[in-house]
There are 2 protein chains.
Amino acid sequence: MKIRRRYTCPLEIVHDFLRGKWKTIILYQLKHGPKSLTELEKCIVGINQKMLIQDLADLIEFQVVNKIKYEGYPLKVEYSLTAERGQKIIEAINILQSIGKEYMNENGMKI
Amino acid sequence: MKIRRRYTCPLEIVHDFLRGKWKTIILYQLKHGPKSLTELEKCIVGINQKMLIQDLADLIEFQVVNKIKYEGYPLKVEYSLTAERGQKIIEAINILQSIGKEYMNENGMKI
DNA sequence: CGGTATCCTTCGCGATACTG
DNA sequence: CAGTATCGCGAAGGATACCG
C-alpha cells in the first residue's frame, strides 16, 4: 500500500485503504472460506481480472488476506482471510452488511 | 443518495455510500457529540465547505446524521449522529479505527 | 489458470465564485 | 454563517492483449 498523504487519524489509513470499489466485496466473499482467483472472479459481478489481482495484492500487503500456493499441476492458488486482521475487518464489514439489509427492507429494495 | 447501479449484495449499498473521501471521517468527528458546520470544517483537515455540505446532505438522507436548526439569531445549526443507524455505523467505524491504530503501531507510524 | 502491461475513459473532488 | 453552482484535472478503474 502506498501512503497517499499525511494522516491525521488512524481511521484515515484504513478508510483510504478500503475506499476502492472492490476490496470490501472481495473480503466479504472470503468470509466463508478460501477461494481461488477464478472462483472470486465468478462470484463478484462486474469485476475484471486486473482489478481483482491488484486488490488482492493490496489486501495481502495489509495482512487481511493470505495467499496459499499449492505445488504441482494444475496450478492451484487460494486466498483466505488472515486469522487476526482479516477476521477483525470482517466484523466491521458484517455491521455494514446488516445496515445495508435494514436499509433495503425499509425501502422495499430487492436484489 | 442516488442509486449508482444494481446491487448484488446489501453490503454494496453501504460501501458505495461510504466510499467517498470524507463521509467516514465526518461520522467519526460526530462520535463525541453534535457539531456545527464550522466546527466540523476546523477539525477535518483538508476538507472544503462544498464537500462537507454535500456529504452531510448524503449522511442525512441515509439517516445516519441529524440536522438540528435552532431558531433565532445568530443562526445556529448542529449535526449529530442518529440514535439508530448513526450509532450502528459508528460501531463499524470504531473497529476500523482500532485496526488503523494497530497498523500504525506495528509499522512505527506516528500522526 | 494465474498474472502483467498498456491504453483510454469516467467521475470524484478541489478551486472558486456567487446567494440569502 | 449556511448553502448552491460551475468548471477542470488527475487518479481510479475498465477493456484488452500478452506471458509462464
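Values in this document were obtained by computation on a predicted structure and should not be read as measured data. In what follows, chains carry the letters A, B, and so on, assigned in the order in which the sequence lines appear, proteins first and then strands, with residues in each chain numbered from 1.
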*Asks:* If we check salt bridge (Lys or Arg N to Asp or Glu O under 4.0 Å) with A/Asp55, which of these qualifies: A/Lys50, A/Arg19, A/Lys23?
*Replies:* A/Lys23
*Asks:* Yes or no on side chain to side chain contact (heavy atoms under 4.5 Å, CB included) for B/Ile99 and A/Phe62, after CA distance, side-chain angles and deciding distance?
*Replies:* CA-CA 11 Å; B/Ile99 292 173; A/Phe62 198 62; 4.2 Å; yes
*Asks:* Whole angstroms only, please: what is the CZ-P distance between A/Phe17 and D/dA12?
*Replies:* 14 Å
*Asks:* Just verifying a value: how many Å separate B/Leu52 CG and B/Tyr79 OH, rounded to the nearest 0.5 Å?
*Replies:* 7.5 Å
*Asks:* Just grab all the salt bridge (charged side-chain N to carboxylate O under 4.0 Å, His left out) pairs involving residues 79-95 of chain A, residues at least two apart or on different chains.
*Replies:* A/Arg85-B/Glu106, A/Lys88-B/Glu102
*Asks:* Between atom CG in A/Leu52 and atom P in D/dG13, what is the gap in whole Å?
*Replies:* 13 Å
*Asks:* Crowded around B/Lys35 NZ? As in, over 12 foreign heavy atoms under 6.0 Å?
*Replies:* yes
*Asks:* Indicate whether OP1 or OP2 belonging to C/dC11 is found under 4.0 Å from a side-chain N or O atom of B/Arg19.
*Replies:* no
*Asks:* What is the distance, rounded to the nearest whole Å, between atom CE of B/Met51 and atom C1' of C/dC13?
*Replies:* 5 Å
*Asks:* To 10°, what angle do the rotation axes through the five end pairs on each side of the helix from C/dC1-D/dG20 to C/dG20-D/dC1 form?
*Replies:* 40°
*Asks:* Roughly how far apart are B/Glu12 CD and A/Gln97 CD, rounded to 0.5 Å?
*Replies:* 9.5 Å
*Asks:* Output the rounded distance in Å from OH (B/Tyr70) to P (D/dA2).
*Replies:* 13 Å
*Asks:* Locate the shortest heavy-atom distance separating A/Tyr28 from B/Cys9; write the atom from each residue and the value.
*Replies:* CE2-SG, 3.8 Å
*Asks:* What's the CH2-P distance between A/Trp22 and D/dA11, to the nearest Å?
*Replies:* 22 Å
*Asks:* Quick one: B/Asp55 CG to D/dG3 C1', roughly how many Å, whole number?
*Replies:* 14 Å
*Asks:* Between B/Asp58 and B/Phe17, is any pair of side-chain heavy atoms under 4.5 Å apart?
*Replies:* yes
*Asks:* Counting primed atoms plus P, OP1 and OP2 as sugar-phosphate and everything else as base, spell out the protein contacts along nucleotides 1-6 of chain C at 4.0 Å heavy-atom distance: B, S or - for each nucleotide, 5' to 3'.
*Replies:* -BBBBB
*Asks:* Got a donor-acceptor contact below 3.5 angstrom from the B/His15 side chain to the A/Leu96 backbone?
*Replies:* no
*Asks:* Write down the distance between CD (A/Gln54) and P (D/dG14), rounded to a whole number of angstrom.
*Replies:* 10 Å
*Asks:* Within this structure, what is the CD1-to-P distance between B/Ile47 and C/dT16, rounded to whole angstrom?
*Replies:* 17 Å
